[in-house]
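Report on the structure given below.
Remember, predicted model here, so these are calculated numbers, not experimental data. The chains referred to below are lettered A, B, ... by the order of the sequence lines, with proteins before strands, and numbering in each begins at 1.
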Amino acid sequence: MSTLSVTLPDGSTRELAQGATALDLAKSIGSGLAKAAVAAVVDGVETDLTAGLSDGQEVAIITANTDEGRHVLRHSTAHVLAQAVTRLFPGAKFSVGPAIEHGFYYDFDLPDGKTFSDDDLGAIQKEMERIVKEDQPFIRSEMSPDEALELFADQPYKCEIIQRVTSADGDALDAGEVGSGDAISAYRNSDTFVDMCVGPHVPSTGKLKHFALQRTSGAYWRGSEEARMLQRIYGTAWESKGALEEHLTQLEEAAKRDHRRLATELDLLSFPSEIGGGLAIWHPKGATVRRMMEDYSRERHERGGYQFVFTPHLANGKLFSTSGHLDYYADGMYPPMEMDNGTYYMKPMNCPMHCLVFASRQRSYRELPIRLFELGNVYRYERAGTLHGLMRIRGFTQDDSHIFCREDQLADEVASLLDFVLSVLRAFGFDDFTFNLSTKDPGKFVGSDEIWEKATEALREALDSHGLDYGVKEGDAAFYGPKIDIDIRDAIGRSWQLSTIQADFNNPERFDLEYIGADNARHRPIMLHRALFGSIERFFGVLLEHYAGAFPTWLAPVQVRVLPVAAAHEDYARSVEDQLSAAGVRVDRVDANDGLGKRIRAAKLEKLPYVLVVGDDDVANTTVGVNPRGGDVERDVPLQSFLMTIAAEIEQGTSQAMSA
RNA sequence: GCCUGGGUAGCUCAGUCGGUAGAGCAACGCACUCGUAAUGCGUAGGUCGUGAGUUCGAUUCUCAUCCCAGGCUCCA
């Protein structure tokens, strides 16, 4: 019997019997590998383990504990989910079920418009476990579109996908589902269940043991609000029980640092329903942190050559017609207020006002760039279902800046803006950034193509000159100009979009802004929009989750708490408190009405940076017992020495921030 | 806005197959005066999100509405 030879990733070759599969290859290397294998890469193409190999191919085995391997597991588990649902809900139509980050989902259309309730998940999970136990094979077949239409005749969503992918306008989603070209592939698990899919899949359902269904939700077919709403089930799947449990634990940990929960626990702010959805009130402690953030921001802007302005929350609708907001974003604005001399709106952005500041008098080229800065309150009518704590809110404050400059200043200005933004973000403990350049949305823009080209090029140049890697989001720009978005990654690896730098050649035109050039002629300035925190509220939320409520000392609402051991030490405790307070430290005191242990516990739960315990020895020697957050207790520390330490820490926190 | 689930004391939650509610923590009071993550006892606190309907009677059932959560869509 002849053999075939394949090359492994390490360059070595292996002889296998004719007709051998990737699984045979894995077995020949080792039983452990065969057990962990879920798919293979043959000549650069992901393939089923059960596919036959040919002489001369390069083959790599994909194991379950890799990103690619988990992707296969999750995709295969989605098929098991679909089969379970079709067993439990006869007549259910299924549409698409991809693997996603950390898991998978599948969308269904249940007969008679039925919906899933959370209670259904348990039964579906059990059915899935049954299918896993049955160890059904995933058997691949390929067919023509016509054959596929016949096979999936009772699955209208599959038919629609087949029709779309075989017509000229097949899109990425469809391609992911069925591949491209004339051959449509499908995977059959049993006599009663077959699903269209490019694969690859695990050899059999017995490989899929460690998964959990998580939640149900509605999801529009093809992501369109006009289309039918399908029923989606989300789940997660992993290569081992340990990995699954670790993931579930991580989710719990993330939930523990949810800013909405911490905001309540730490008494920072609240969202009273009496006020309305998406509108927060800041309690004293939250307000203190916010004030520190804002003070720092003001300080940096002042040193950065910005001029501070204030503008009103309301404006005549004509202003927003001029800016284009009413043409493009009326839906996102609060409804109009009819007043005696016109129609007024809450402002959704500050830029029109800042344009008027520029226009308030004649400007000379010598003045440029003019950098206007405002902590500006804006109101946007976010749809009810989109509100999310501080992250998505209806009334918020932008640390908003508009820079008016000459064309020859644009590149430098964008470049220095990038430096400025990154330096301030670093001061708040973020150092992992992602950059994205968003380009014109062909369906929603103002201004000429030429202007857009110019603006986009300026942003691109700034990113390139900084040697930054960035992605391009085609069609993601605001209606008035292209933008650079900066995402940060927080302490538990989630990414948040914060800062944005936007070039705008349109508003200067709409507001007819001009300056007198060196040539004594009138010229149009270029405008840059720039938010750094984005919204103070959102940034605060991100910061709160990033630090899990344990703010660094310079930001902490209460920096030190003084605890007298017993009533006899209260006078001394008060004096310690006064001295710290006089030194500018945010300090409070809790007298000995409760046991010391209880008061310390309370302070720890509040995540205070320092707890000072003072007793007999301290009164006698003017010392304190220092219990720092996350550190060891130190007794008999001279008060003056603690004072100097914490003053330095606060100063350093701020000044590190300043020079970062 | 759409789908699903929820709203009971300051917080976290239990409960009521329709007969106006309960725990822990917090608060307050008394006792204890204590050296580094919960001292003990007691008191008070709720028109059960809001409005309407059904009913002898609604926190419980129905409808509407507001708010919240997870998704979808949207996010200048």
Per Tyr220(A) side chain, nearest of listed nucleotides U4(B), G35(B), C2(B) = C2(B)
task = Compare side-chain N and O positions of Lys444(A) against OP1 and OP2 of C75(B) and report whether any pair is under 4.0 Å apart.
result = yes
message = Of the options G5(B), C75(B), U36(B), whose atoms approach the side-chain atoms of Arg635(A) most closely?
response = U36(B)
query = If only side-chain N and O atoms of His388(A) are considered, is one of them under 4.0 Å from the OP1 or OP2 phosphate oxygen of G70(B)?
reply = yes
inquiry  = Looking at Glu453(A), I want to see if its CD is surrounded by more than 12 non-hydrogen atoms of other residues, nucleotides or ligands under 6.0 Å.
reply    = no
query = Does the ring of Phe479(A) carry Lys444(A) above it, NZ/CZ under 6.0 angstrom from centre and within 45° of its axis?
reply = no
query = Considering heavy-atom distances to RNA chain B, does Leu596(A) or Phe116(A) have its closest nucleotide positioned more toward the 5' end?
reply = Phe116(A)
Donor-acceptor pair present, Asp616(A) side chain and G35(B) base, under 3.5 Å = no
query = So, His569(A) side chain and Ala566(A) main chain: donor-acceptor pair closer than 3.5 Å or not?
reply = yes
inquiry  = When you compare the side chains of Glu253(A) and Thr249(A), does any donor N or O come within less than 3.5 Å of an acceptor on the partner?
reply    = no
query = Which part of the nucleic acid, if any, lies within reach of Lys598(A) when heavy atoms closer than 4.0 Å are counted: base, sugar-phosphate only, or nothing?
reply = sugar-phosphate
query = Which nucleotide sits closest to the side chain of Val565(A): G35(B), C3(B), U73(B)?
reply = G35(B)
request  = Name the nucleic acid region contacted by Glu265(A), choosing base, sugar-phosphate or nothing; use a 4.0 angstrom heavy-atom cut-off, strictly under.
outcome  = nothing
ask   = So, is Thr115(A) near the phosphate of C3(B), with a side-chain N or O under 4.0 Å from OP1 or OP2?
value = no
query = Under 4.0 Å between a side-chain N or O of Arg260(A) and OP1 or OP2 of A69(B)?
reply = yes
task = Check every strand shown and say whether Asp331(A) touches a base, only sugar-phosphate, or nothing at a heavy-atom separation below 4.0 Å.
result = nothing
query = For the side chain of Leu387(A), counting heavy atoms from C-beta on, which of U4(B), C68(B), A76(B) is nearest?
reply = C68(B)
key: Arg561(A) vs U36(B): side-chain N/O to OP1/OP2 distance below 4.0 Å   = no
note = Which of C67(B), G35(B), U33(B) is nearest the side chain of Ser273(A)? It is C67(B)
key: Side-chain donor/acceptor contact of Arg392(A) with base of C75(B) under 3.5 Å   = yes
ask   = Can you find a donor-acceptor N/O pair under 3.5 angstrom joining the side chain of Arg383(A) to the base of U73(B)?
value = yes
message = Please confirm whether the shortest side-chain N or O distance from Tyr329(A) to OP1 or OP2 of C74(B) is below 4.0 Å.
response = no
query = Quick one: which of G71(B), G35(B), G1(B) gets closest to the side chain of Val613(A)?
reply = G35(B)
